[in-house]
Structures are given as structure tokens and as C-alpha cells.
Amino acid sequence: MLRDITLGQYYPAKSIIHQLDPRVKLVTTILYIISLFVAKGIAGYAVATVFLVMVVKMSKVPFRYITKGLKAVIMILMITVIFNLFMVNGEVELWRFGFLRITDKGLRTAVFMAIRLIYLIIGSSIMTLTTTPNDLTDGLEKLLGPLKKVRVPVHEIAMIMSIALRFIPILLEETDKIMKAQTARGADFESGNLIQKAKAMVPLLVPLFISAFRRANDLAMAMEARCYHGGDGRTKMKPLHYESRDKMAYGVSWGYLLLMAVLSFAQGFYGVMLL
Amino acid sequence: MSIKIKDVNYIYAESTAYEIHALKDINLEIPDGQFIGLIGHTGSGKSTLVQHLNGLIKATSGRIYFNGRDIYGENFSMRELRSKVGLVFQYPEHQLFEVDVLSDVCFGPKNLGASKEEAERRAKEALRMVGMGEEYDKSSPFELSGGQKRRVAIAGVLAMEPEVLILDEPTAGLDPRGRDEILDQIERLQKERGITVILVSHSMEDVARYVDRMIVMNQGQVRFDGVPREVFRHGKELEEMGLAAPQMTYLMQALKDKGADVDTDATTIEEAADAIEQWLKG
Ligand SMILES: Nc1ncnc2c1ncn2[C@@H]1O[C@H](COP(=O)(O)OP(=O)(O)OP(=O)(O)O)[C@@H](O)[C@H]1O
Ligand SMILES: [Mg+2]
């Protein structure tokens, strides 16, 4: 049950998207998110859809894997849609019940907003599904590198991130194990009122905290034993460098954003003609 | 308290990229009062199998019957099952949480509805059984040594007075004396109370010494099931699975190859000594 959380989960496969430099994927994801906010009208969303479908196809990640991430945010999605549906005031009224009314503009905003959010989540899931947490933090460290000049501890932040990401599955597994062990001793995590449930968590949380601290201690010890002393002068085993495919990918991403900008501009110009 | 396992399959992380078929068509019958050794290489599915026996994981397919009743049936009480089938996990010391040793051991009996006095009585009895003296009753479980923590954790399950006791590698990481003490206690308990014991282990020596029946698993399947000496005759196959017969089996085999007419079924040092003595006497 706990294992179903896909947050930051890597899906191993051999695809061109997997092989891309993590920096390319990070930048492209950001560009894609920007493009979603630039997008206006059907043409813009069509292009965004084509781009997303192509990337998904190339990534070789099964579609149902990608949509799994959507389940977690379905509530937020629904709330956004409902708010937009009823709150946005347009001219043409489509439906009315008491003070509730749906207008053409409200409907359009709600639909586009839903698409935008779904694409945003799918877009970022593609990045996390095709990039190992280690690569991701490496890429982030390199991208944020210039910030070191203004005394931002980029390396330390990246290290904290990669350790945290690494620990998520470990702690989930540990939780699962302790939960089972206590269940075998007759503990009941499901029934009872709120207070009883909170009390029932003690036999789970105490061992979990102890194990988390023990692991943190062990890790700190192991890092120190290997002379880890922060980022200064530290070299990488696999330094990141751009291949020709990465440069091409950058080209495609920027080209795509440009196209989206042009479309949106045209939309603003001709307005109604393009819907 | 017989347990019957019928065509059980279990798949971890089903229909994901990380799918693992951990159990394949397991069929077993476990009658009352047996001392069973469950053996297999790392990752062969031993822990997965024993977790099925008290309903901690639900089989992907297949049925499990406890005293003839389907444990996945509609009005079967998992709570009752867990009170009767006690499971000591691998590295159980990680589940301790109470302020002192005695309260931690009381956790199980209390969950089963025992009164405070009754729980403490059972807890004390269980603690003495695993060799933890009274002086430790009020110490924090986190200040004990690894082996002592292990004993306390085992006592935590013993105090529930289960009819079937399953121990998942209870002696991993213990010194030889601690290991013998715990196993001797478990054997005594099994004889006195007539409970069923399933001992998961890597050590052929341990298993050969204590158990009446041995189940060997490999890659999620049951490969051998019988009395130890029978199973040890398959030395070669055992080796292919990354296991080995007890050292005495090898010794007796070597003697036989040199022309000594000894009984090669001897598995413990005592049995081997008897067999050699008999051969010498002619
Ligand atoms: N929680 C889990 N999630 C996914 N796979 C698991 C999980 N637990 C075990 N497995 C896998 O199932 C298989 C059987 O594991 P199991 O723990 O039953 O082996 P085992 O025989 O107890 O091994 P060991 O002697 O090392 O304890 C292994 O391949 C293991 O990787
Ligand atoms: Mg195991």
C-alpha cells in the first residue's frame, strides 16, 4: 500500500529520454511549464499535447505509470475545475440553478485549467520517471552552480536533496516492516476513534524514529570515514557533459517554446478567429 | 492447529517494473506439534511464506486453511489467527518501543485483551524463558546489547502464548552460546506445550539438531520436504541451491568413499560419533 507512492520514483528503461543529460530534462520541464502558461486557445494546447505525447512515447514509460501520479492530486484538480466553472463570469449563460451559474467563459477556463494542470503533472512526472534521483540532484547542482558566487551552498543543498530522496523508499520499507511486526503482536492500526488511532501509532513511530536516527548516524559516520568534507574541490565520478543529442534536445525545447509564444501572440492578435 | 497451504502464489509490486514472483504454487500441510525447519538461500521466499501464515500478507492467488477454515473467508477473524500464530520477525529488535523491557513484552498480551496482572505474569515468564533475568525488567530496551534486544523481542511474541510459533532467523548474528540457549529453550517449549514451531534458518547444523521435518525452498518453490536425513541425501542439489548439507554428512560421505562402512545419514556430531563407533566395533 505504501509502496504505491510514485513520488520521485524512477522507471528503469532504455530510451533516448532516459539517456538525456539531467540538465536538459530539468530545463525542458521548466520550459514546458512556462509554455503551458503562455498557451492560449486550441492551437496552443494542440501543440502542447503533441509535444507531450511525443516525449511520453519516446520515454517508453507505460502510460498507466504516468497517470498514477495524477491520482494523488485528483482532489486539487477537481476543486480547481469546480471553482473556475462557477466563479468565472462570461456573457453566455449555459446553465443556472439558484445562485450557481455556468457561462461559456467559465466552462472554457475550467477545461483549459484542467488540461494545464494535468499536463503540468505529467510533464514533471516524465522527468522524475526517466531520471534517477542521483542524476537529478547532480543536474540541479550543476545548473545552480553559478549561485555559489553569491554564497548559496549549492552542493550542500544538492547533497541534502539526494540523501532525502534516497531515504524515502528506505523509510517506507521500514514503516511497512515495523507495521507488520507490530500487527503480528496484535497491534491494530485501523479501527478505533481518532485518539485511539493516534495512540496506536506510538508502537510504529518510536521504532521508526529510532531507526531513522540510527541510519542518519551510520551514514554520517560512513561519510566521515571516507573523508567527506563538503563540496570544495570534490570531483565527480561521472561528470556531466553534453552530447550532441542533448544539444538537439535543447534546440527542440526552445523551438517548441518559441512556437508556443508565436501562437499565443497570434491568438492575441486575431483573437476570436482562432477561438 | 493444522495449517494447510494450497496453491499459494505471491507477487511483490504486481504489474510494475519491479515485479517479483516471490512464491510459486506452494502446497504444504503443517500438522499439530511438529518442529519444522524452513531453509533456503537468501531471497528464496522464506520470510514471504511465513508472513502468509498469520495473514500479514495476502496471497496473490491460492488459499490458506487454519484448522480447516479459509483465512481469506468472510467471517474469519485475523485477530484470532494472529493470537494463535505468533511470528517473530527477522531482526525483531527493531520493533521495540516501550520505556522498559517488561512493558514492551506486555504489549502483545495486552493487545489480546489480557489484564495488566495477567500480561505481566506472562511477560515475566517469557522473559525468563529467553534467559533475561529480573534485573533487566525495568531497563530501557534501547540500552541493551543486540543479543539481549533480540531475546526481549522473542519474549514479546512468546508472551502471547501462541499455538504455532514461527521464528524468522532468530539466531542470525548471535554468538554460538546465545544461539544454543535460545534454540534449546524453543525446543523445550515445543516439547512441553506441544506447540508447532517453524524455524526459518540458514544453518543446516541448527536445523539438523532440532527439527523433525525440513522444508527446503529455492526461488519461491518448495524443493524438498521431509525428515532432515532424507533431505540431506540430496547434498548435490542442495549445493546447487547455494546451501550445503551439515559438515558431518560430508565427513561420513568422505569416510564411506575411503571404504569405511559407516551410516552416511548421521548429521550431528553425536550421531556421527555413534556411527563411527559402531563401524569400529564391526
Ligand atoms: N517488501 C518487498 N517488496 C518487494 N520485494 C520483496 C519484498 N520482500 C521481499 N521481496 C523479494 O521477494 C523475494 C523473496 O524474499 P524473502 O524476504 O521472502 O526471502 P528470504 O528467503 O526470507 O531471504 P533471507 O534469507 O535473505 O531472509 C526476494 O527476491 C525479495 O527481493
Ligand atoms: Mg527472510
Side-chain angles (χ1 to χ4, degrees), chain A residues 1-6 9-15 18 59-66 68-69 129-130 132 169-192 196 199-215 217, chain B residues 12-18 47-48 50-58 78-99 103-114 119 140-142 149 153-160 162 165-168:
Chain A
M1 72 223 124
L2 285 167
R3 263 162 232 291
D4 294 337
I5 300 170
T6 48
Q9 204 184 59
Y10 176 65
Y11 181 91
K14 256 196 151 44
S15 82
H18 282 75
S59 75
K60 292 189 185 157
V61 179
F63 193 65
R64 81 193 137 73
Y65 237 87
I66 295 166
K68 243 187 185 175
L129 282 165
T130 59
T132 60
I170 293 178
L171 286 181
L172 281 178
E173 197 171 306
E174 193 90 6
T175 312
D176 200 49
K177 228 166 73 186
I178 297 171
M179 223 163 163
K180 275 185 186 161
Q182 306 297 28
T183 312
R185 293 213 280 164
D188 185 354
F189 295 104
E190 264 120 45
S191 52
Q196 282 165 328
K199 267 190 178 163
M201 294 306 273
V202 173
L204 173 65
L205 290 181
V206 173
L208 196 61
F209 268 100
I210 288 171
S211 121
F213 279 112
R214 199 191 57 225
R215 278 179 199 283
N217 233 334
Chain B
Y12 278 108
E14 193 172 8
S15 60
T16 70
Y18 304 95
S47 301
T48 309
V50 294
Q51 285 174 48
H52 278 83
L53 299 182
N54 68 348
L56 285 177
I57 24 193
K58 189 176 184 299
M78 278 293 172
R79 214 182 155 72
E80 193 192 325
L81 178 69
R82 290 185 188 135
S83 74
K84 292 195 168 146
V85 182
L87 172 58
V88 179
F89 268 76
Q90 211 164 354
Y91 301 108
E93 51 272 30
H94 300 326
Q95 74 199 30
L96 304 174
F97 69 97
E98 271 286 7
V99 287
S103 348
D104 204 284
V105 179
C106 283
F107 180 65
K110 271 194 191 148
N111 282 332
L112 300 183
S140 159
F142 304 110
K149 280 186 199 164
I154 293 176
V157 173
L158 287 182
M160 295 167 73
L165 176 62
I166 305 169
L167 302 122
D168 197 350

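Bear in mind that the values here come from a model prediction, so they are computed numbers and not experimental data. Chain naming here is simple, since letters A, B, ... match the order of the sequence lines and numbering starts at 1 in each.
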When the 4.5 angstrom heavy-atom criterion is applied to B:E98 and chain A, the contacting part is neither
Review point. Taking 4.0 angstrom as the limit, do A:R185 and B:D104 come out as a salt bridge?
Key: yes
Checklist entry - Are the side chain of A:Q182 and the backbone N or O of B:Q95 linked by a donor-acceptor pair below 3.5 Å? => result yes
Looking only at A:E174, A:R214, A:K177, the option with the highest number of non-hydrogen pairs under 4.5 Å against chain B is A:R214
When rounded to the nearest 0.5 Å, the distance separating CZ of B:F89 from NZ of A:K180 is 6.0 Å
- prompt: Take atom CZ in A:F63; do more than 12 heavy atoms of anything else shown fall under 6.0 Å from it?
  reply: no
Output for pair (B:F97 CZ, A:I210 CD1), nearest 0.5 Å, gives 10.5 Å
One should read off an interatomic distance between B:R79 CZ and A:D188 CG, to the nearest 0.5 angstrom, of 6.0 Å
Chain A shares the most heavy-atom pairs under 4.5 Å, among B:V88, B:L96, B:L81, with B:L96
ask   = Counting only heavy atoms not in A:F189, do more than 12 sit closer than 6.0 Å to its CZ atom?
value = yes
Honestly, the part of A:L208 sitting under 4.5 Å from a heavy atom of chain B is neither
Turns out that what part of A:T183 lies under 4.5 Å from chain B's heavy atoms comes down to both
Nearest heavy-atom approach of B:H94 to A:P207 is O-CB, 3.2 Å
